[in-house]
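What you see is a predicted model; the values in this text were computed from it and never measured. Numbered from 1 within each chain, the chains take letters A, B, ... in sequence-line order.
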Amino acid sequence: MFDLKLLQKEPERVAAMLEKRRSKLDIAEFTVLDDKRRALLQEVESLKSQRNSASAEVAKMKRAGEDAGELLASLGSLSERIKELDASANDLVQDINQWLLSIPNMPHESVPAGSDENDNPVLCTWGEKPSFDFTPKEHWELGTTLGGLDFERAAKLSGARYAVYWGWAARLERACASLMLDIHTTEHGYTEVMPPVIVNKDSMTGTGQLPKFAEDLFKLEGLDHYLIPTAEVPVTNLHRDEVQAEDDLPRAYAAFTPCFRSEAGSYGKDTKGLIRLHQFNKVELVRFTTPERSYVELEILRGHAEEILRRLGLHYRVVTLCTGDLGFSAAKTYDLEVWLPGQDKYREISSCSNFEDFQARRANIKFKPKNAKKAVLAHTLNGSGLAVGRTVVAIMENYQQADGSLVIPEALRPYMGGREIITPPESAA
RNA sequence: GGAGGGAUGGCCGAGUGGUUGAAGGCGGUGGUCUUGAAAACCACUGUGGGGUUACUCCACCGGGGGUUCGAAUCCCUCUCCCUCCGCCA
């Protein structure tokens, strides 16, 4: 949720930001609504004040055994009037709330200006592109040939944009998730959490998916429940409507869950393979922190995600999302892009964001600073650590051999029963 | 699925329709006492919003509606939790 105070105090700054984000919201319209709301509020509150003191008078007279009939008679119409004004004030507040819910977060000052993903500057790279003395295959071809990926049967079961994993591929997905969770929980200090993957509307609103992005979600028929598009939703909402002690921050949670996305509007994009599915697995890292520390925490979080790629020996680069590419709720985002030789391009495998107090304001996530009287909004961050399906893609494309076999990265071998190589033909079906 | 019982501040827990924003306790903060600490005692201690912003007003007792001059308290409805029965991975 956008900060109402900031909007009232610095509408020009907000308007400039919206411009940069190519949003069509009209700040002038908001100002009119807000002024109206305040005028109405003052009127109705002064009427209520009158009513309250008159009611107190009635109570006093009754206790004294006096007849309050005359006073009572005069109060009926006052209450009627209050009821009417209250109703219209409520409508206005609703309107203004809808307004605030549809304003994207303010980018951090360090976020580069730009209009789309082509303007995202590369911050750094790690490793090198592997060299091949043959033309590397794309993962769907390799995976299908090796008997691990089955898109035809997935289409039969569910339709386009689903995958069936067989045998070694299923285990590889599981191995990746285990490696990630083990590193994050034992080395990076995260607490593992396994949340529901079906959540209610309040949770979706808390992290910013609703009300604006309903079409991206799978909604359960006849219910106000949704399949999560990322574990960010249930995990961030764990502390919704809670006040935490400062000593309990930062909190760090790691969750491995399936994620569900309708992918509305992505027709024709990445139609092959595991890159863009309606259902995929992800290890998500979520951190709750204080405003002072949140940008330090963002770097820490990014480091945790990067560490997985390093352990797997996968070449990647880090880009900073520019203002035009930044997500709705984020103040700053780094994308980790892994090198995919089969596709000859870098692909996003993790997105690490600081939301500052944007989600915290929506979800009412607070903490009480030491020696402070009042609780204040916490800052929330999250990042993929990593997208598991895409990690499998990266391993397949980077570790393929000329003979069509696949070498298992060393870090994963303990999770693969010691297996070092996958060779064709090996079909479970 | 059937039958009952609940939901009150950071937590626990009182609350006959009329100075109840809400007793009491715990926790927290400050203070007295102490060489220090503990104990004891004293004081303070919810959130959001409006204004003429060292003050004052309004709202909030799970959510939403209603009755009333006045609702934590009465009525309706929804959600969630608990107990018992049935079913079940």
Side-chain angles (χ1 to χ4, degrees), chain A residues 1-9 30-101 194-206 210-211 219-220 222-226 234 237-249 251 288 290 357 360-378:
Chain A
M1 170 110 71
F2 204 84
D3 184 3
L4 177 64
K5 293 261 162 60
L6 180 60
L7 193 50
Q8 290 169 336
K9 275 188 205 145
F30 164 81
T31 309
V32 172
L33 279 181
D34 193 42
D35 289 347
K36 211 161 137 194
R37 178 187 63 107
R38 259 186 277 196
L40 203 52
L41 218 53
Q42 280 171 41
E43 188 180 356
V44 73
E45 285 189 358
S46 93
L47 291 181
K48 279 184 182 172
S49 178
Q50 279 177 44
R51 185 187 65 186
N52 286 348
S53 49
S55 285
E57 191 62 27
V58 170
K60 208 180 285 175
M61 291 172 81
K62 290 221 167 172
R63 261 197 304 272
E66 296 170 34
D67 175 31
E70 211 170 301
L71 183 54
L72 285 183
S74 70
L75 286 175
S77 60
L78 181 60
S79 274
E80 281 303 309
R81 180 81 184 127
I82 287 172
K83 200 172 281 184
E84 286 167 26
L85 289 178
D86 245 348
S88 44
N90 277 339
D91 287 348
L92 259 179
V93 168
Q94 290 295 325
D95 288 350
I96 287 172
N97 257 328
Q98 284 308 112
W99 238 89
L100 290 175
L101 285 171
M194 204 178 274
V197 298
I198 295 175
V199 299
N200 60 28
K201 197 187 220 163
D202 287 342
S203 296
M204 286 295 185
T205 307
L210 290 178
K219 184 174 192 294
L220 299 192
L223 296 170
D224 257 347
H225 285 81
Y226 301 81
N237 276 282
L238 284 172
H239 293 294
R240 167 150 54 88
D241 293 320
E242 290 185 10
V243 177
Q244 305 172 71
E246 182 171 8
D247 283 341
D248 292 332
L249 301 178
R251 285 184 191 271
F288 297 83
T290 60
D357 63 10
R361 186 174 293 105
R362 289 175 162 243
N364 190 28
I365 300 167
K366 295 185 170 175
F367 76 98
K368 199 162 196 172
K370 270 180 241 177
N371 306 322
K373 245 183 139 179
K374 288 197 164 196
V376 301
L377 293 172

Which of the following nucleotides, [options], is nearest to the side chain of [X]?
| X | options | answer |
| --- | --- | --- |
| A:Ser49 | B:rC57, B:rG18, B:rG50 | B:rC57 |
| A:Ala59 | B:rC69, B:rG18, B:rC57 | B:rG18 |
| A:Asn52 | B:rA59, B:rG49, B:rU67 | B:rA59 |
| A:Glu45 | B:rG49, B:rG70, B:rG18 | B:rG49 |
| A:Lys366 | B:rC69, B:rG49, B:rG48 | B:rG48 |

With both distances under 3.5 angstrom, what nucleotide forms a Watson-Crick or G-U wobble pair with [N]?
| N | value |
| --- | --- |
| B:rA59 | B:rU47 |
| B:rA89 | none |
| B:rG24 | B:rC12 |
| B:rA54 | none |
| B:rG70 | none |
| B:rA39 | none |
| B:rC80 | B:rG6 |

Rounded interatomic separation in angstrom, taking [atom1] from [X] and [atom2] from [N]:
| X | N | atom1 | atom2 | answer |
| --- | --- | --- | --- | --- |
| A:Glu57 | B:rU19 | CD | P | 14 Å |
| A:Gln94 | B:rG63 | CD | C1' | 13 Å |
| A:Arg240 | B:rC80 | CZ | P | 13 Å |
| A:Lys368 | B:rG27 | NZ | P | 15 Å |
| A:Lys62 | B:rU19 | NZ | P | 13 Å |
| A:Phe367 | B:rG28 | CZ | C1' | 16 Å |
| A:Glu80 | B:rU68 | CD | P | 9 Å |
| A:Arg81 | B:rU68 | CZ | P | 19 Å |

Would you call [X] and [Y] a salt bridge, using N to O less than 4.0 angstrom?
| X | Y | value |
| --- | --- | --- |
| A:Asp34 | A:Arg37 | yes |
| A:Lys219 | A:Asp224 | yes |
| A:Glu43 | A:Arg81 | yes |

Taking the same atom, [atom1], in [N] and in [M], what whole-Å distance lies between them?
| N | M | atom1 | answer |
| --- | --- | --- | --- |
| B:rG46 | B:rU83 | C1' | 32 Å |
| B:rG86 | B:rC80 | C1' | 22 Å |
| B:rG13 | B:rG18 | C1' | 24 Å |
| B:rA37 | B:rA14 | P | 37 Å |
| B:rC61 | B:rC12 | C1' | 15 Å |
| B:rC58 | B:rG70 | C1' | 16 Å |
| B:rA59 | B:rG66 | P | 16 Å |
| B:rG24 | B:rG30 | P | 23 Å |

(message) Using modelled atom types and a 3.5 Å cut-off, is there a donor and acceptor pairing between side-chain atoms of A:Arg240 and backbone atoms of A:Arg362?
(response)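 No, the answer is negative, given that no donor and acceptor are paired below the 3.5 Å cut-off.
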(message) Between A:Asn200 (side chain only) and A:Ser203 (backbone N and O only), is there a donor and an acceptor less than 3.5 Å apart?
(response)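 The answer is yes, because a donor-acceptor pair under 3.5 Å joins these two groups.
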(request) With RNA chain B as reference, determine whether A:Arg38 or A:His225 sits nearer its 5' end, using the nearest nucleotide of each. (result)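 Whichever sits nearer the 5' end wins; that is A:Arg38.
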(request) Would you mind telling me which residue lines up with the more 5' stretch of RNA chain B, A:Ala54 or A:Leu4, judged by nearest nucleotide? (result)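 First, find each residue's nearest nucleotide; the 5'-ward one identifies A:Leu4.
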(request) Could you pull out the closest heavy-atom pair between A:Pro369 and A:Glu246, with the gap in Å? (result)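 Closest approach of A:Pro369 to A:Glu246, heavy atoms only: CA-OE1, 3.2 Å.
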Under 4.0 Å between a side-chain N/O of [X] and OP1 or OP2 of [N], yes or no?
| X | N | answer |
| --- | --- | --- |
| A:Lys83 | B:rU67 | yes |
| A:Ser79 | B:rU68 | no |
| A:Arg37 | B:rG49 | no |

(request) Begin from the C-alpha positions of A:Lys366 and A:His239 and carry the test side chain to side chain contact (heavy atoms under 4.5 Å, CB included) through to its verdict. (result) CA-CA 8 Å; A:Lys366 295 185 170 175; A:His239 293 294; over 6 Å; no
